[in-house]
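Heads up, the thing below is written out as structure tokens.
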Amino acid sequence: MGRKGVVFVHLSVLLLISILLFPIKTQSKCVKKPIIFNFGDSNSDTGGLVAGLGFPVNLPNGRLFFRRSTGRLSDGRLLIDFLCESLNMSYLSPYLESVGSDFSMGVNFAVIGSATLPEFVPFSLNIQVLQFLRFKARILETGRDSRYFIDDGAFHNALYSFDIGQNDLSNAFSKHMTYAQVIERIPSTLQEIKNAVKTIYEHGGKKFWIHNTGPLGCLPQKLSLFKKANGDLDVCGCIKSFNDAAKAFNVGLHDLCEEMRSELKDATIVYVDIYAIKYDLIANFAKYGFTNPLTACCGYGGPPYNYNINVTCGQTSYQVCGEGLRYVSWDGVHFSEAANSIIASKILSTNYSEPQIKFDYFCQA
């Protein structure tokens with residue numbers, strides 16, 4: 001191959017990587033201001049735990065894009081950030097952040113460590129919903145405040161997004177419950193999600209966007225901490241029993257969404273298959289330009305997982321990969337900005353949504 005051919009190949013590779021890293025933003029068709037109220041855990045927390053408990057989330061978290069720590073557990077933007085970008089709206093401010101918050105386009109109630117059932121962090125899903133009800137009541141009491149411009153109609157037309165459940169499964173396995181015991185807890189978790197959706201519906205919410213949970217058994221943290229029995233690793237090197245539990249949760253959540261569509265009149269409930277998106281990213285990592293799909297970029301201990309529970313990302317002696325390297329996992333639990341950008345582009349395609357409704361449906365005419 002001549003020099004021109006080599007240059008062309010290099011340029012083609014760079015173009016592919018740029019597309020994967022920075023997916024083309026969809027042109028939002030919103031005809032009214034998009035407003036999102038988000039509920040969840042660390043997968044969508046934009047600074048809630050830092051604001052609420054003063055929990056330190058230091059650099060290198062946030063080293064990309066923000067160039068500082070924002071309380072997000074990633075090197076840069078989260079999935080929720082990319083979804084907000086697709087609507088040309090500002091990033092969601094944490095409900096608990098008292099300084100510099102902008103609630104004019106919604107609120108983020110998600111907090112790192114949260115579960116549907118109360119566990120170690122005092123912001124379980126029911127508390128997040130109570131916080132939302134408090135926020136709504138105060139906004140409507142104060143009238144048309146120039147800082148918010150959210151009236152009762154805006155609450156009615158807003159999108160209510162949920163990304164929670166991973167910690168319920170993770171906490172159960174961490175307590176050394178058997179697989180059967182973990183499965184037995186799933187109906188209680190799903191009931192909490194149903195209670196949350198119904199409560200918001202009873203207070204005027206009609207539009208819901210619900211993510212299922214990802215492949216828990218593919219997280220470097222789990223692979224590092226738990227002994228793998230013979231035959232309990234799948235072809236990608238993930239823990240099958242953990243992933244099977246996630247799949248069982250997702251089947252239940254899918255059925256719950258169908259059930260709520262029939263029960264909640266005039267409500268739109270979109271179920272999004274995050275599991276399929278994330279597992280595809282790990283199984284076909286090379287196609288997306290990634291290396292080491294089961295190794296944390298930021299952690300300690302080196303291959304195969306670079307995760308040590310005593311020296312996690314940001315703590316003394318941690319090790320971090322170079323900014324230009326392509327890792328799926330940021331810290332052993334949470335995804336990198338590069339991975340989040342691809343996950344967002346997959347969601348925006350509607351190929352993983354049921355029904356196949358575009359993300360901006362709630363702010364259209």
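What you see is a predicted model; the values in this text were computed from it and never measured. Sequential numbering from 1 along the given sequence is applied to the chain's residues. The figures that follow rest on heavy atoms only: side chains count, while hydrogens, waters and symmetry mates do not.
No donor-acceptor distance shorter than 3.5 angstrom exists from the side chain of N284 to the backbone of K287, with no hydrogens or angles considered. Between the side chain of T350 and the backbone N or O of S353, no donor-acceptor pair lies under 3.5 Å. Remark: side-chain polar atoms of D151 are paired, donor with acceptor, to backbone N or O of A154 under 3.5 angstrom. Without hydrogens or angle criteria, S341 side chain to A338 main chain gives a donor-acceptor distance under 3.5 Å.
When all heavy atoms of K346 and Y352 are compared, the closest pair comes out as O-CD1, 3.6 Å. When all heavy atoms of V107 and Y95 are compared, the closest pair comes out as CG1-CB, 3.5 Å. The shortest heavy-atom contact between L281 and I343 is CD2-CG1, 4.2 Å. Closest of all the heavy-atom pairs between T46 and L92 is OG1-O, 2.9 Å.
Chaining together hydrophobic side chains whose heavy atoms lie under 4.5 Å apart leaves V251 on its own. By the 4.5 Å side-chain criterion applied to Ile, Leu, Val, Met, Phe, Trp and Tyr, F65 is assigned to a cluster that also includes F66, Y91.
For residues 222-280, the set of pairs meeting the disulfide bond (SG atoms under 2.5 Å apart) definition, not counting sequence neighbours, comprises C218-C238. Residue pairs satisfying the ring-ring contact (aromatic ring centres under 6.0 Å, His included) criterion with at least one member in residues 229-259, sequence neighbours excluded, are listed as follows: F173-F242, F226-F242, H254-Y271.
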Working note: E259 + K198, criterion salt bridge (charged side-chain N to carboxylate O under 4.0 Å, His left out); need CA distance, chi angles, decisive distance, verdict.
CA-CA 12 Å; E259 175 186 316; K198 288 190 68 175; over 6 Å; no
Intermediate values then yes/no, side-chain contact (heavy atoms from CB on, under 4.5 Å), S74 and N340:
CA-CA 9 Å; S74 179; N340 286 329; 4.0 Å; yes
Do Y160 and Y201 pass the side-chain contact (heavy atoms from CB on, under 4.5 Å) test, and can you show the C-alpha distance, the side-chain angles, and the key distance before you say yes or no?
CA-CA 10 Å; Y160 296 87; Y201 174 83; over 6 Å; no
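How far OG1 of T70 is from CD of E97: 10.5 Å, rounded to the nearest 0.5 Å. Taking CG of L133 as the reference point, atom NE2 of H203 lies at 4.5 Å (rounded to 0.5 Å). Atoms OG1 and CG, on T116 and D41 in that order, are 10.0 Å from each other to the nearest 0.5 Å.
Here L325 pairs with C321, Y327 under the side-chain contact (heavy atoms from CB on, under 4.5 Å) rule; sequence neighbours left out. Applying the ring-ring contact (aromatic ring centres under 6.0 Å, His included) rule to F123 yields no partners; only residues at least two apart in sequence or on another chain are considered.
In this structure, a donor-acceptor pair under 3.5 Å is absent between the side chains of S44 and D163.
Between Y300 and Y318, the gap from one ring centroid to the other reaches at least 6.0 Å. Here F155 and F37 bring their ring centres to under 6.0 angstrom of each other.
Classified by interplanar angle (parallel below 30°, tilted 30° to 60°, perpendicular above 60°), the ring pair F132/F39 is perpendicular. Between Y279 and Y275, the ring-plane angle classifies as parallel under the 30° and 60° cut-offs.
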